Amino acid sequence: MIPYGRQSISDADIEAVVSVLRSDFLTQGPQVPAFETAFSERVDAPFAVASNSATSALHLAYLALGVGPGDVVWTSPITFVATANAALYCGADVDFVDIDPRTYNLSSDALAQKLAEAERSGRLPKVVTPVHFAGQPCDMKAIAQLSQQYGFSVVEDASHAVGASYRDERVGHCGYSDITVFSFHPVKILTTAEGGLATTQQATLAERMALLRSHGVTRDPDQLDHPDEGGWYYEQQSLGFNYRMTDLQAALGVAQLQRLDRFIDARRKLAARYDDRLAELPLVLPWQHQDGRSSYHLYPVCLPKEIDRLHAYEQLRAAGIGVNVHYIPVPNQPYYQRSGFCPDDYPEAQRYYASALSLPLYADLSEADQDSVIDALTRILG
Ligand SMILES: *Cc1c(COP(=O)(O)O)cnc(C)c1O
């Protein structure tokens, strides 16, 4: 089976992890800060806080921004459940803003309209979390302008967008947001097995996230109520978690980061090749806004109405093509429907979901394998 996504692991990656295994620290050693520094330099953000997943990074981001009971976090219905769940972990409520039918990203027009309504009913969001779906950056300029106007914070869920750029800035620079969160799950652009990271330009947010990542415990003399207790002394200043990344994971991250440009080049070339060779088929190919350069985590196509998606999915799977669907809209999930969400409130998300199929795309996908995807799809649509 050609999977829809998979990691690329080199000998250098393996050696990097093995050398940590032979070293003094498996966790809380030098590799995590080295990865944070390398990543923050890469995206041109002054602060980076690594964690054990993007889910925990989202949770830390929301907490650092003060999200709690009585607050509302808005995000896109076309995302992985974690984007919304992390707000529920804070005791906050969640709501969704429908997508743009071309980019499948949270629509800034729908956002503007929903904000105007929310202002009238006194229920403005504390945080809005645009998700750079498939690696294509959202309309961050408009979202940032609305955040100024209505006074909410912005967290970018860039789980798909490691290596993407927006208006000549790297995603993660946080020129249009407070915090940007990345995922290093093996299907994503680069991997630490499990892992996540948050970047920010604001020192206080970085400090809060770093504190909460490790039990709310600190040894920093400047943060201690009683700095003169002795060398053993630490204080718990908040209720935090164990959301730490290990040095094994961070070493893999440092090694992977050195190949990020190659990963992105390979994905963009393969995406361009799909664009070219699927152009004659009755498919909606992933449309790209000129303000962004996608990292192409996914290559989602939409099938024509005459084609039954389930049938196409099963035929492709039977032919060894591991197509997938990203995503079932979050408000469709039974858990969310039980708390009152109605899928029909997000018609663009439903329209997209009804016909979407993600084709295999990853850095090591060979052109021969890509050709077999193209051939199988051509047969089914022909
Ligand atoms: C993968 C993903 C997450 C969660 O990432 P983990 O590292 O697995 O916790 C969150 N949001 C989006 C959009 C994702 O694709």
Side-chain angles (χ1 to χ4, degrees), residues 55 57-101 103-133 138-158 174-181 198 200-202 204-205 208-209 212 238-239 327 329-350:
T55 306
L58 284 160
H59 189 192
L60 294 172
Y62 294 151
L63 289 172
L65 289 165
V67 172
D71 294 325
V72 194
V73 173
W74 289 4
T75 188
S76 170
I78 298 296
T79 185
F80 185 56
V81 291
T83 320
N85 288 348
L88 301 182
Y89 299 163
C90 304
D93 292 326
V94 163
D95 204 352
F96 301 94
V97 180
D98 207 358
I99 59 167
D100 177 305
T103 61
Y104 319 132
N105 279 331
L106 179 150
S107 156
S108 49
D109 290 340
L111 177 62
Q113 198 182 334
K114 197 175 171 91
L115 285 164
E117 288 160 18
E119 188 174 47
R120 285 194 290 277
S121 59
R123 200 71 175 117
L124 282 168
K126 175 103 171 175
V127 171
V128 173
T129 306
V131 180
H132 304 312
F133 178 69
C138 295
D139 185 5
M140 292 310 300
K141 209 172 158 222
I143 293 166
Q145 196 267 321
L146 290 166
S147 84
Q148 297 279 311
Q149 188 182 340
Y150 289 97
F152 57 84
S153 302
V154 178
V155 174
E156 297 174 67
D157 184 341
C174 298
Y176 300 91
S177 66
D178 296 281
I179 297 172
T180 304
V181 168
T200 181
Q201 296 189 5
Q202 299 167 51
T204 49
L205 293 178
R208 261 182 250 162
M209 290 192 286
L212 294 170
S238 318
L239 184 61
Y327 288 96
V330 181
N332 294 29
Q333 295 293 347
Y335 178 84
Y336 280 87
Q337 290 207 46
R338 282 199 294 273
S339 39
F341 287 97
C342 178
D344 294 342
D345 289 343
Y346 315 95
E348 294 298 347
Q350 302 306 326

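Basis for what follows: all heavy atoms, side chains included, without hydrogens, waters or symmetry-related copies. Just so you know, these numbers come straight off a predicted model, no measurement behind them. Position 1 is the first residue of the sequence; numbering continues from there.
Between Pro331 and Pro77 the shortest heavy-atom distance is CD-CB, 3.7 Å. Across all non-hydrogen atoms, the minimal contact from Lys126 to Gly66 is CE-O, 3.5 Å. The two residues Val94 and Ala87 come nearest to each other via the heavy atoms CG2-CB, 3.7 Å. Gln201 approaches Gly175 most closely through the heavy-atom pair NE2-N, 3.9 Å. Nearest heavy-atom pair, Asp98 versus Ala349, reported as atom, atom and distance to 0.1 Å: OD1-N, 3.0 Å. The minimum heavy-atom distance between Pro130 and Met140, with the atom names listed, is CG-SD, 3.9 Å.
Judged purely by atom type and a 3.5 angstrom limit, Lys114 uses its side chain to pair as donor or acceptor with the backbone of Phe96. Side chain of Asp139 to backbone of Ser107: no donor-acceptor contact under 3.5 angstrom is found. With Asp178 contributing its side chain and Val154 its backbone, the two residues share a donor-acceptor pair below 3.5 Å. Side-chain N or O atoms of Glu156 include none that pairs as donor or acceptor with a backbone N or O of His132 at under 3.5 Å. Not a single donor-acceptor pair under 3.5 Å links the side chain of His59 to the backbone N or O of Ala86. Using modelled atom types, one side-chain atom of Gln337 and one backbone atom of Asn332 make a donor-acceptor pair closer than 3.5 Å.
Contact of the Ser76 side chain with the Asn105 side chain is not registered, since no non-hydrogen atoms from C-beta on lie closer than 4.5 Å. Inter-residue side-chain proximity for Val128 and Ser147 is flagged as unmet; no heavy-atom pair is nearer than 4.5 Å. A heavy-atom distance below 4.5 Å is found between the side chains of Glu117 and Gln113. Taking the side chain as every heavy atom from C-beta outward, Tyr89 and Leu63 never approach each other to under 4.5 Å. Under the 4.5 Å side-chain criterion, counting only non-hydrogen atoms from C-beta, Thr79 is in contact with Val330.
The CG atom of Leu88 sits 7.5 Å away from the CG atom of Asp93 when rounded to the nearest 0.5 Å. Taking CG of Leu205 as the start and CG of Leu60 as the end, the distance is 11.5 Å to the nearest 0.5 Å. For the atom pair CD (Gln145) and OG (Ser108), the distance works out to 10.0 Å, reported to the nearest 0.5 Å. To the nearest 0.5 Å, atoms OG (Ser339) and CD (Gln333) are separated by 11.0 Å. Distance check: Ile179 CD1 to Asp157 CG gives 12.0 Å after rounding to the nearest 0.5 Å. Taken to the nearest 0.5 Å, the OH atom of Tyr346 stands 12.5 Å off from the CD1 atom of Ile99.
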Self-check item: Criterion side chain to side chain contact (heavy atoms under 4.5 Å, CB included) on Val155 and Tyr62, from CA distance to verdict
Solution: CA-CA 8 Å; Val155 174; Tyr62 294 151; 4.2 Å; yes
Exercise. Test Phe152 against Leu124 for side chain to side chain contact (heavy atoms under 4.5 Å, CB included), laying out the working first.
Key: CA-CA 8 Å; Phe152 57 84; Leu124 282 168; over 6 Å; no
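Annotation for Gln149: atom CD counts as buried by contact number, over 12 foreign heavy atoms lying within 6.0 Å. Heavy-atom contacts from other residues, nucleotides or ligands closer than 6.0 Å to CD of Gln148 number 12 or fewer.
Electrostatic pairing of Asp95 and Arg123 does not count as a salt bridge here, judged by no charged N lying under 4.0 Å from a carboxylate O.
Identified under the salt bridge (Lys or Arg N to Asp or Glu O under 4.0 Å) test for residues 337-347, with sequence neighbours left out: none.
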For a quick test of your reading: what N or O donor-acceptor pairs under 3.5 Å do the side chains of residues 68-75 make, sequence neighbours left out?
unit_1 : atom_1 : unit_2 : atom_2 : d
Asp71  : OD2    : Gly68  : N      : 2.8
Thr75  : OG1    : Thr129 : O      : 2.7

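A donor-acceptor contact under 3.5 angstrom links the side chains of Tyr336 and Asn85, judged on distance only.
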